[in-house]
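First comes the structure, then the notes that go with it.
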Amino acid sequence: MSANDQVQHQLDAVIIGAGFSGMYQMHCLRDRLGLSVLGLEMAEGVGGTWYWNRYPGARCDSESHSYSYYFSEELLKTWTWSERYPGYAEILRYLNFVADRYDLKRSFKFKTKVVSAHYDEAANCWEVCTDDGTRYRTRFLISAVGNLSSANIPTIPGLEQFKGKWYHTGQWPHEGVDFSGLRVGVVGTGSTGIQAIPVIAEQAKTLTVFQRTANYSIPAHNGPLDDAFKAYCKERPEEIRAIMHATPNGHPFYISETLALSRSEEERRTIYEKAWEKGGLRFRASFKDLLSSEAANQTAAEFIKQKIRKTVKDPRKAQLLSDIDHPFAAKRPPIDTNYFETYNLDHVDLVNIREDPITSIVNTGIQTKNALFELDAIVFATGFDAMTRPVLNLNLKGRHGQKLEDAWHAGPLNYLGLQVPGFPNFFMVTGPGSPGVLVNMPVAIEQHVEWISDCIAHMRAKDLHHVEAQAQASAQWMQEVNQAAAATLLPKAKHSWYLGANIPGKPRVFMPYAGGMAHYRKRCETITANGYEGFLMA
Ligand code: N01
């Protein structure tokens, strides 16, 4: 037994992760409920996804005034965002500001990885083991590990032979990377690649983009916020909050009530042009049915494809970039700064790896079926094993020693994205089965954290010690999650991480709840009002 291999004292709650979720969960349980709580975090500091994703151009697609905690008027009045969309560095400063304001860091143990946790049925508690050999016993275990925190590094033969340097955008070196004078290859054209490519192109000697699936993107029109808008955010947070709580995706703007095909082609074009000028995710709100009607969606898709063809001068590149195989916004729609314009630079090339696939990585670069691309650096903007992997990596064992991996062999069985049957007193913040990743994350996070905190407060008030999702309620919830997705065009993107389709061997299940945040919130409230319907409490 090592010095550290010892059981620490009994805690009320352990929270895993110190991002947006874990920090607020800590504040709620420690400061509002007065529980003994420990936070465990792999990174050296707070920030979660923004701690790791420091790649060039990393920026949020939620507008900054909505990408904030809304639980405290004081926070809203004290913090001022500088740009329409916050960059990773400003978000990290914000999260550190919040952590310091509430003195949260003292309750987190950083540089500490949870390697496993099991539920001790006799004692009705979780034993959590960390990589330094310490074991913690806790009544409640809360995963705040995020949905996009497990990097997907493709297994391409020969990577270890590459003589240059390679990077995954989700594990970016904190000191930054200087691409000046280098021949750089970027693999992946999702939200991340689309943000990174224009910035890398500014430095690199040559940039070769390896595209498997062409993607839509809307101009972000990012820029500094003016004083009038900053004042509005401080003076009327209630108004902004009310909109965010009323809309399906938690953003601070309404979705139009108009059906796309109810307007003439010319009227539609004018609406799309205006939305294009506004930029960002607001474009998706142009019509009510863009995500439910294929015909409506095609009007938006065609508008964007025309914009791409008009922007990109080289006809071959324009064709490759606009040959998009899925409905608009069926994948999370990227927003960009000069993405398509970047392909007009002479030193930027585009390779269609669907036609000419990557076969290996050799010491000098990337080998496709037909050509060798000599490179000094490779950037994998290849996304994440999303939603389930970060939770599975905790190596949980629930009642009767059941592994979460087994409980989820056919997909992430859960109730409301909050609990898994057979795993009592274990909660997930914005887990699979909840709307989180489809909405403005802080809105979803605050709702979940408050629900979990209220549930724990209720249990304490009633002297209850055990809460667990019922199997039947969970099975029914899975049906609702499927039905909600099927009512949209979201499952039509074949390679989407929403479906787990980006990871070989992963069950193809639409993981997030697509019924909308406002509806989901009401659903949770009703369940609570009905005495925590679908949960077993004892
Ligand atoms: O990851 P992705 P991401 N060989 O999975 C390609 C959030 N986010 O990091 O489509 C070759 O979307 C893959 O190709 P394909 C946001 O929620 C937000 O870009 O599978 N290529 C695709 O092009 C987002 O949705 C912000 O055919 C491979 C790309 O890599 C989520 O993070 C910014 C490959 C991966 O795209 C993930 O975005 C950034 C392989 N083996 C991210 N494997 C903002 O807030 C994958 N690809 C703005």
Do [X] and [Y] have a side chain donor and acceptor closer than 3.5 Å?
X    : Y    : result
D336 : S217 : yes
N363 : Q161 : no
D132 : T134 : yes
S64  : E83  : no
N152 : T382 : no
N393 : K113 : no
K506 : T388 : yes

Determine whether more than 12 heavy atoms belonging to other residues, nucleotides or ligands lie under 6.0 Å from atom CD of E44.
no
So which heavy atom on G45 is nearest to which on F110, and how close?
C-CE2, 3.4 Å
Give the minimum heavy-atom separation between Y339 and P198, together with the two atoms involved.
CA-CG, 3.8 Å
If you measure from the Lys or Arg side-chain nitrogens to the Asp or Glu carboxylate oxygens, is any gap between [X] and [Y] under 4.0 Å?
X    : Y    : result
R354 : D325 : yes
D61  : R332 : yes
K369 : D356 : no
K492 : E294 : yes
R183 : E374 : yes
D349 : R316 : yes
D376 : K163 : no

Do the ring planes of [X] and [Y] sit parallel (below 30°), tilted (30 to 60°) or perpendicular (above 60°)?
X    : Y    : answer
W126 : F426 : tilted
W172 : Y55  : perpendicular
W477 : Y513 : tilted
H326 : Y216 : perpendicular

Looking at Y51, I'd like to know if the NZ or CZ of R54 sits under 6.0 Å from its six-membered ring centre while staying within 45 degrees of the ring's axis.
yes
Using the rule given for salt bridge (Lys or Arg N to Asp or Glu O under 4.0 Å), can you reason through K397 versus E127, listing the C-alpha separation, both sets of side-chain angles and the distance that settles it, and then say yes or no?
CA-CA 10 Å; K397 281 187 191 163; E127 189 163 301; over 6 Å; no
Where do R59 and N222 land on the side chain to side chain contact (heavy atoms under 4.5 Å, CB included) test, with the steps shown first?
CA-CA 10 Å; R59 192 174 284 288; N222 185 40; 3.1 Å; yes
Without swapping roles, check the side chain of K317 against the backbone of V348 for a donor-acceptor pair under 3.5 Å.
yes
Within the side chain of N414, is there an N or O that forms a donor-acceptor pair under 3.5 Å with the backbone of P432?
yes
Quick one, E41 with K111, criterion salt bridge (Lys or Arg N to Asp or Glu O under 4.0 Å). Give me CA distance, side-chain angles, the key distance, then yes/no.
CA-CA 6 Å; E41 166 59 61; K111 293 198 275 182; over 6 Å; no
Can I get a per-line list of side-chain donor-acceptor pairs under 3.5 Å for residues 399-411, giving both atom names and the distance, sequence neighbours left out?
| unit_1 | atom_1 | unit_2 | atom_2 | d |
| --- | --- | --- | --- | --- |
| R399 | NE | E468 | OE1 | 3.3 |
| R399 | NH2 | E468 | OE1 | 3.2 |
| R399 | NH2 | E468 | OE2 | 2.3 |
| W408 | NE1 | L413 | O | 2.8 |
| H409 | ND1 | D406 | O | 2.8 |

